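The structure appears below as structure tokens.
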Amino acid sequence: MYICFYYYENSMAISIAILDCDLMLHGRGHKTLDRFDVGLVSDEFLLTQFGFPREFILYLVELLRESLCRRTQRSRAISPEVQVLAALGFYTSGSFQTSMGDTIGISQASMSRCVSNVTRALVEKAPQFITLNRDAAIREQTFQEFQRVAGLTGVVGVLDCVQVAIKAPNSEDSSYVNKKGFHSIGCQLVCDARGLLLSAETHWPGGLRSIDVLERSALYKKLQETEEGYFLGDSRYPLRKWLMTPVDCPESPAEFGYNLAHVATHEIVDRTFRAIQTRFRCLDGTKGYLQYSPERSSSIVLACCVLHNASLQSGLDAWTLERTDPLEQLETLEQRPEDRDGQAEELRKQLIGKHFS
């Protein structure tokens, strides 16, 4: 924002420029713009207000510095440090409350701009932090980590489609109304045994079924091309060579054992999403819904997914803040006889016979 006032001295107009509304709101004595120093506050304060320790916040600042400086090239642009803190404050609280702006010395309007800037910068980093392309050594490690969970061998990742509540789009598009009757975006997630996201597509209308999202997703072709191992999906998905699902009506002890192992392993993706919602309360539907368009809401969710992976790769625990919710009773996908995959059924039968008989 640029505001110019004039006063007259000796009949000459002299301009006085004020380059940011925060300077007007708080004055020069306030901790505005670049004056908030992360190094002068305690670790406890940073964790309480912004959800992350000092080292990780400073890492984020350096990671996003170039992008944030590029987006704010005014002479009194808000510093990358303050922009990152403003965005973290919003992600972890879900609010643009004046108290958060007061903490770092910026207005509510500037808070909103900071969140937009940081969100775009994090979305740009998504391919760097969320990727399914893993070398043979990492894939073998993934197999071992999943096997230690409940005995299933050959698991590459666990797949689910979750819902994030949003405000009703202005167009009143009914495609965003999910089966529970509220507006949401569908987010298709795949993670490994540690809770690290391997794929995150956060832009789907909430009214789509999980199978419809999967078949339209960018991930679908990659999953079909899986040559070694398989993914796990719940009963909302069809059984495929590359996607193992529970046995609909288990009869033998081996089938019951397989289903129990499947549930225990697949639950990792649900735990991961609950942990993300708990850390980033802007996504927690029990606290309210995202007050943005589906497009902007999608970007915010993806930014939080990037932060989740970045923090996990930095040594923070994926599930430290996990919220415990009862498991939802899922609907079972009704498959037509012609949609059944005989080869996939044989592979699942062999898997059950080898490890659970």
Side-chain angles (χ1 to χ4, degrees), residues 63 122-150 152-164 185-204 210-211 213-234 236-238 240-245 261-277 279-280 283 298-320 322:
L63 177 71
L122 286 168
V123 168
E124 290 174 358
K125 297 291 184 182
Q128 175 181 335
F129 287 94
I130 304 174
T131 177
L132 194 62
N133 299 321
R134 318 183 92 184
D135 60 33
I138 295 179
R139 186 168 61 249
E140 182 59 35
Q141 180 182 343
T142 300
F143 289 160
Q144 295 174 8
E145 290 172 345
F146 272 122
Q147 186 173 2
R148 286 195 290 268
V149 174
L152 283 173
T153 61
V155 181
V156 179
V158 285
L159 165 74
D160 200 8
C161 188
V162 297
Q163 303 293 322
V164 175
I185 50 174
C187 305
Q188 180 176 272
L189 306 177
V190 178
C191 73
D192 68 10
R194 297 180 299 141
L196 186 75
L197 294 171
L198 309 179
S199 175
E201 296 186 30
T202 62
H203 59 279
W204 298 101
S210 298
I211 180 58
V213 170
L214 174 61
E215 292 179 347
R216 299 181 192 184
S217 68
L219 180 69
Y220 188 57
K221 185 177 180 181
K222 291 182 180 179
L223 296 185
Q224 291 178 297
E225 294 172 348
T226 301
E227 297 180 356
E228 186 176 355
Y230 54 88
F231 294 80
L232 294 184
D234 59 31
R236 294 174 296 178
Y237 294 98
R240 294 292 182 261
K241 292 185 296 181
W242 42 269
L243 184 64
M244 290 289 108
T245 60
H262 189 290
V263 169
T265 308
H266 184 268
E267 187 187 8
I268 291 172
V269 69
D270 299 315
R271 290 184 60 197
T272 297
F273 180 62
R274 290 199 299 267
I276 291 172
Q277 282 185 306
R279 183 182 293 278
F280 304 110
L283 308 182
S298 169
S299 294
I300 290 173
V301 177
L302 184 54
C304 292
C305 289
V306 172
L307 285 172
H308 168 80
N309 270 18
S311 63
L312 185 58
Q313 292 171 357
S314 297
L316 301 181
D317 191 335
W319 299 314
T320 300
E322 178 191 3

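Computed from a predicted model, the values in this text were never measured in an experiment. For reference, positions follow the sequence shown, starting with 1.
Judged purely by atom type and a 3.5 angstrom limit, H203 has no side-chain atom pairing as donor or acceptor with the backbone of S299. In this structure a side-chain-to-backbone donor-acceptor pair under 3.5 Å is present from E201 to L219. Listed for the T142 side chain is a donor-acceptor partner under 3.5 Å among the backbone atoms of I138. Under the 3.5 Å distance criterion, the side-chain polar atoms of T245 are left unmatched by any main-chain donor or acceptor of G233.
Two residues are said to be in side-chain contact when any heavy atoms from C-beta on lie closer than 4.5 Å; I268 and E145 fail this criterion. Annotation: side chain of T272 is in contact with side chain of H308 (closest heavy-atom distance under 4.5 Å).
Across all non-hydrogen atoms, the minimal contact from P127 to V123 is CD-O, 4.0 Å. Nearest heavy atoms, L189 versus A200: CD2-CB, 3.8 Å. Of all the heavy atoms in K241 and M244, the pair that sits closest is O-CE, 4.0 Å. The shortest heavy-atom contact between T265 and A150 is OG1-CB, 3.7 Å.
Rounding to the nearest 0.5 Å places CG of L312 at 7.5 Å from CG of D192. With values rounded to the nearest 0.5 angstrom, R216 atom CZ is found 12.0 Å from Q188 atom CD. Distance check: F129 CZ to S311 OG gives 10.0 Å after rounding to the nearest 0.5 Å. Atom CD1 of residue I276 and atom CG of residue L197 lie 4.5 Å apart, to the nearest 0.5 angstrom. Note that the CG atom of L223 and the CZ atom of R240 stand 12.0 Å from one another [nearest 0.5 Å]. A distance of 8.5 Å separates CD1 of I300 from CD1 of I185, quoted to the nearest 0.5 Å.
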**OP:** Given side-chain contact (heavy atoms from CB on, under 4.5 Å), test F231 with V155 step by step and report yes or no.
**Re:** CA-CA 6 Å; F231 294 80; V155 181; over 6 Å; no

Subject >> Audit row: W204, S217, side-chain contact (heavy atoms from CB on, under 4.5 Å) steps and yes/no >> reply: CA-CA 9 Å; W204 298 101; S217 68; 4.1 Å; yes

**OP:** Begin from the C-alpha positions of R274 and D270 and carry the test side-chain contact (heavy atoms from CB on, under 4.5 Å) through to its verdict.
**Re:** CA-CA 6 Å; R274 290 199 299 267; D270 299 315; 3.8 Å; yes

**OP:** Report the C-alpha separation of I130 and V306 in whole Å, then their side-chain angles, then the decisive distance to 0.1 Å, and conclude whether the side-chain contact (heavy atoms from CB on, under 4.5 Å) test is met.
**Re:** CA-CA 7 Å; I130 304 174; V306 172; 4.1 Å; yes

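Listed by chain and number, the residues in a side chain to side chain contact (heavy atoms under 4.5 Å, CB included) with E227 amount to none (sequence neighbours excluded). The side chain to side chain contact (heavy atoms under 4.5 Å, CB included) test applied to E228 returns R139, F143, not counting sequence neighbours.
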Considering only distance and modelled atom types, tabulate donor-acceptor pairs under 3.5 Å from the side chains of residues 156-164, sequence neighbours left out.
from : atom 1 : to   : atom 2 : distance (Å)
D160 : OD1    : R236 : NH2    : 2.2
Q163 : OE1    : S184 : OG     : 2.6

